Each structure stands twice: as structure tokens, then as C-alpha cells.
Amino acid sequence: MTDAAALPGQPRGGVLSGPATERAVNVLAPNASAMTLDGTNTWIVAEPDSDLAVVIDPGPLDSGHLRNVVDTAEQAGKRVALTLLTHGHPDHAEGAARFGELTGTRVRALDPALRLGDEGLAAGDVIAVGGLELRVVPTPGHTSDSLCFHLPADRAVLTGDTILGRGTTVVAHPDGRLGDYLDSLRRLRSLTVDDGVHTVLPGHGPVLEDAQGAVEFYLAHRAHRLAQVETAVEDGYRTPTEVVAHVYADVDRSLWPAAELSVRAQLDYLSEHGLI
């Protein structure tokens, strides 16, 4: 058995659902897959002494899961007052409109098409609900509309798919762009260095106890993959499919379609920078 403390980001062991920090509770959606890991993490965030809560990423359109999120909040003596989205992928956002109807809340997102109500989200926004403070951090790259939420009181950041609790994420070309993603990782690194963030509350997988270690791992991983793709092109592998088969030969073939999205993003990045 591998010691979790030796893994990137120091993933927390144990059950994924339940309290993660003083203010954050996870309700795991029943949509486990190769791409979603154990399922989507739906986060309920609130001040301990407040009766108001914020829900981040209601997850798939699964009535049982959405009801479970509401019940979990109510059992803690809290009413859902606002719903937020880290990005628009269905495993995070498909159930958002229905959840907003169930709870009578606005749904705020960067993408206007995902909102319920007129209010969106933008860089620098500070969300205040029942004494809780969340700061919006723009982190495009996985998708163009990806956001993270900084929870200063817990020295934590909710990362959606920008950083996962296990493995690495996909740069979802063409909407996702590698240059943007690298900039977003550096932005998150500054949170760990300048703002004391040490806990990652991801959209999938376990909580990470070493936020800076996780970010550094992601940056190193991206640099390594980019070098591999550049070398593959120099060696005559020209199409994204050929590059994936060569560079990702040790990866489960069921993940190759997702890997091809990242490879396309890497090829675009290399071309834009005159490296291929």
C-alpha cells in the first residue's frame, strides 16, 4: 500500500463524503467513471454558526443526489441560499437548474447560459453568505469558463476540475487551452505561497492536504507531457491520434479520447510558440 503522504498533494484517505474542513462538507454524486473518478464532489460550504449555506457544483441531473444535498444541508440546520458552478461540464452542472428550482436559489456561473438569475461570476468577486466569504479565482484552461473558489477561513481552495484529488485533468480542446491552464496553475500556486492556502477541495477524488505540492506536481507533469509531445512530433508522429498512441501507450486505452483533447491543446501550444 502506498502512503498517501508520499503521493502528490498528500490525498486524504477514508470516506469521500462528509466533512472536509470546518466549513466544507462533500456529498458525493453517484456518477463514478474513468473520467469522474469516484463521482462528482458536490460541496456544501457554510460558517459553522450560520443557518445559510452555499452549494458548489450540484452535479448530474440525478434527483436522488440533488435531494441528498438538500437533506444533508438541512440535517446540519442550514438552508441552501446560493448555488455556484466551477464550470459547465454536465457532471458538475447538469443538475444545477433543477437544484436551483428545488432550493429557490440563484445559480451563479461565469457562462451566462448556465445561470439561473441575472447575476454571474467574475474575477475578484467576493461572495458573502451568512458570514461566509468565498473569493472567485479565474482559472481557465480545463475549459474557458473554469473558476476556483478561495475559502480563506479554511485556507482552502475549491478547484472543480482544475486540480483533481487523484491523477491529472484534461485540457478540453478546443475550449480548453494549455497556455491558459498553465497560467491558472501559477495563479493557484500564488494562493499557496502568498495567501497560505494548504487544502484543495477538488471536483473529483479525495481532499488534498498539500496544495502547493499538488500545484507543483501539475506544473511538472504538464512540462513533461509537453516535452514528450514535442519529441514525438520531431520523431515523425504527426496526427493527434498518432501522438496519443505513442506518448500515452502506458495509459488505459479507454482514456485515450480524453488524452487526445490534451494532445490537441499541446500541439496548438507548441505551434503558437513556434516549437513545431
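Given the structure is predicted, the values throughout are model-derived calculations rather than measurements.
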Membership question, hydrophobic clusters at under 4.5 Å side-chain separation (ILVMFWY): are [Y] and [X] in the same one?
| X | Y | answer |
| --- | --- | --- |
| Val107 | Val136 | no |
| Val137 | Val215 | yes |
| Leu116 | Ile56 | no |
| Val55 | Leu121 | no |
| Val200 | Tyr181 | yes |

Is there a side chain to side chain contact (heavy atoms under 4.5 Å, CB included) between Val229 and Tyr237? Walk through the geometry before answering.
CA-CA 9 Å; Val229 170; Tyr237 299 92; over 6 Å; no
Does [Y] offer a backbone N or O that forms a donor-acceptor pair with the side chain of [X] under 3.5 Å?
| X | Y | value |
| --- | --- | --- |
| Asn26 | Leu16 | yes |
| Thr83 | Gly100 | no |
| Ser146 | Gly141 | no |
| Ser271 | Leu267 | no |
| Tyr218 | Leu164 | yes |
| His204 | Gly39 | yes |
| Thr105 | Leu82 | no |
| His221 | Gly167 | no |
| Trp43 | Pro202 | yes |
| Arg12 | Ala20 | yes |

Residue pair [X] / [Y], side-chain heavy-atom distance below 4.5 Å:
| X | Y | value |
| --- | --- | --- |
| Arg166 | Asp38 | yes |
| Phe99 | Thr42 | no |
| Asp91 | Met35 | no |
| Ser184 | Pro140 | yes |
| Tyr248 | Val263 | yes |
| Thr40 | Leu28 | no |

Heavy atoms from other residues, nucleotides or ligands near CZ of Arg177 exceed 12 (cutoff 6.0 Å)
no
Can you confirm whether Arg238 is buried at CZ, in the sense that more than 12 heavy atoms of other residues, nucleotides or ligands lie under 6.0 Å from that atom?
yes
Kindly give the heavy-atom pair with the smallest separation between Glu47 and Leu132, and that separation in Å.
CG-N, 3.5 Å
Ignoring hydrogens, what is the shortest heavy-atom contact between Leu114 and Ala109? Give both atom names and the distance.
CB-CB, 3.9 Å
Test item: side-chain donor near acceptor, [X] and [Y], under 3.5 Å:
| X | Y | result |
| --- | --- | --- |
| His89 | Thr143 | no |
| Asp57 | Thr86 | yes |
| Asp268 | His173 | yes |
| Thr162 | Thr159 | no |

Nearest-0.5 Å distance, [atom1] of residue [X] to [atom2] of residue [Y]:
| X | Y | atom1 | atom2 | value |
| --- | --- | --- | --- | --- |
| Ile127 | Arg135 | CD1 | CZ | 12.0 Å |
| Ser50 | Lys78 | OG | NZ | 5.5 Å |
| Glu242 | Asp235 | CD | CG | 12.0 Å |

Any chance you could lay out the side chain to side chain contact (heavy atoms under 4.5 Å, CB included) test for Val69 and Leu102, step after step, and finish with the verdict?
CA-CA 11 Å; Val69 175; Leu102 280 174; over 6 Å; no
Test side chain to side chain donor-acceptor pair (under 3.5 Å) on His150 and Asp195 and set out the steps.
CA-CA 10 Å; His150 178 200; Asp195 295 278; 5.1 Å; no
Report the C-alpha separation of Cys148 and Leu188 in whole Å, then their side-chain angles, then the decisive distance to 0.1 Å, and conclude whether the side chain to side chain contact (heavy atoms under 4.5 Å, CB included) test is met.
CA-CA 9 Å; Cys148 292; Leu188 290 176; 4.1 Å; yes
Just do the side chain to side chain contact (heavy atoms under 4.5 Å, CB included) check on Leu226 and Leu178 with the steps written out, would you?
CA-CA 10 Å; Leu226 193 61; Leu178 181 59; 3.7 Å; yes
Between Thr169 and Asp161, is the side chain to side chain donor-acceptor pair (under 3.5 Å) condition met? List the steps.
CA-CA 6 Å; Thr169 199; Asp161 281 357; 5.1 Å; no
Contacts of type side chain to side chain donor-acceptor pair (under 3.5 Å), residue Glu260, not counting sequence neighbours
Thr241, Arg264
